[in-house]
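First listed ligand is number 1; within each ligand, the first listed atom is number 1.
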Amino acid sequence: MNDYVKVNEVGPRDGLQSQGKTLAIDERLRMIEVLVACGIPAIEAGSFVSPKAVPQMAGTGELFARLPLREQVDYSALVPNLRGYELAREAGVGAVAVVLSATETMNQRNINMSLAQTVEVCAGLMARARADGLEARAYVAVAFECPFEGLTPPAVVQELTRRMLGAGAGKVIVADTIGAANPAAVQRVLEPLDDLCAAGALSCHFHDTRGMALANVLAALQCGVREFDSSIGGLGGCPFSPGATGNLATEDLVLMLDAMGYRTGIDPLALVPAVRAVQALTGGSLGGHAFRWLERQWNKREEVAHA
Ligand code: COA
Ligand code: ZN
């Protein structure tokens, strides 16, 4: 069994972009420092998008210049278009992720382009990033269901995935943007891509809106996927889906993987103070399904350490 699973923390981007409170650069950096201290190997630190569209992500260039442990952590940034790519490159970003949605309406709402245009732009950016020596990734968003067009046909996701890999993407992230997937749907999308799963070309991004994110992770693991996005404390939510409860919580993901014998390099208990710190920064109530249990274990360990 290939037992290493890479956890890519997206709280500083996907989590913060939908918060009512906009954090200062120093606060975003503090959050990232806390995550790095947990041993998280990869972090999507921000996005280069219009500050009018997403004010929470303004100043990502400055943030990148000040990131801790740049040699050890795989930092990446989301870029929606050529302008974003250029800003990311100027800021010295080493890995960029483009985003294309599997439906027409979602592309229009998110980045104001048609699906066909988005595919062209993203393919161009993948090639450009490769030529510039940057790592290139592509999100296929609303890969299971679109809030505007309903269920997404798996064949569309599969085609877009192969297209982006063909264009030079090092990885495609199959994203359940609104948390509407279920394990059977995950299997339907991923099984025909088993060659890509085995080759490590795919990652999955689940939201926990309907409480099925961990079950979806299990289905993806069984299909051979060994990389997942998650967000500390489940921070997040989707601006397009009222009532969405946020991303898969990093502590839930790490605890399940750890219990199943997978290696992540992250101590699940170390995530307890991280959740608390991010809660203090964002002002919202955070914590995945396992958080209360983890807190009790962490408290016990602290008592023993200080006895
Ligand atoms: N970063 C910063 N500014 C950008 C930009 C980027 N990547 N792309 C465009 N802009 C600026 C332009 O310079 C222009 O500025 P101005 O009004 O001062 O002249 C303005 O934004 C409009 O540019 P335009 O190319 O017409 O963009 P648009 O209005 O069609 O918006 C996006 C397109 C992609 C910039 C915008 O929809 C966006 O940022 N969306 C973010 C989506 C997102 O983050 N979703 C969540 C993650 S999936
Ligand atoms: Zn998301």
Can you tell me which portion of [X] lies within the under-4.0 Å heavy-atom range of ligand 1? Options are side chain, backbone, both, or neither.
| X | answer |
| --- | --- |
| Asp14 | neither |
| Met113 | neither |
| Tyr139 | neither |
| Arg109 | neither |
| Gln17 | side chain |

Next item on the list: Decide if the gap between the ring center of His205 and the ring center of Phe228 is smaller than 6.0 angstrom.
Entry: no
Note to self: I want to check a possible cation-pi pair here: Arg128 against Tyr85, using under 6.0 Å from ring centre and within 45° of the ring axis as the test.
What the structure shows: no
Notebook entry, point to check: If you draw the axis of the six-membered ring of Phe64, does the NZ or CZ of Arg28 fall within 45° of it and under 6.0 Å from the ring centre?
Noted result: no
Notebook entry, point to check: Which of the numbered atoms in ligand 1 are below 4.0 angstrom from a heavy atom of Lys52?
Noted result: 16 (P), 17 (O), 18 (O)
From [atom], work out which of [options] has a heavy atom at the shortest distance.
| atom | options | result |
| --- | --- | --- |
| atom 33 (C) of ligand 1 | Ile111, Val121, Val99, Asn110 | Ile111 |
| atom 29 (O) of ligand 1 | Thr177, Asn112, Val98 | Asn112 |
| atom 34 (C) of ligand 1 | Ala88, Ala58, Pro80 | Pro80 |

Counting distance only, does the side-chain N/O of [X] pair as donor-acceptor with the main-chain N or O of [Y] below 3.5 Å?
| X | Y | answer |
| --- | --- | --- |
| Ser47 | Leu78 | no |
| Asp258 | Val254 | no |
| Asp252 | Ala290 | yes |

Item checked: Sub-4.5 Å side-chain heavy-atom contact between Ser231 and Glu9 -> yes
Check: Would one find more than 12 heavy atoms of other residues, nucleotides or ligands at under 6.0 Å from atom CZ of Arg30?
Finding: no
Item checked: Side chains of Asn107 and Glu104, donor plus acceptor under 3.5 Å -> no
Notebook entry, point to check: So if you build clusters from Ile, Leu, Val, Met, Phe, Trp, Tyr with side-chain heavy-atom gaps below 4.5 Å, do Leu23 and Val10 land together?
Noted result: yes
Notebook entry, point to check: Protein N, O or S atoms at less than 2.8 Å from the Zn ion (ligand 2), how many?
Noted result: 3
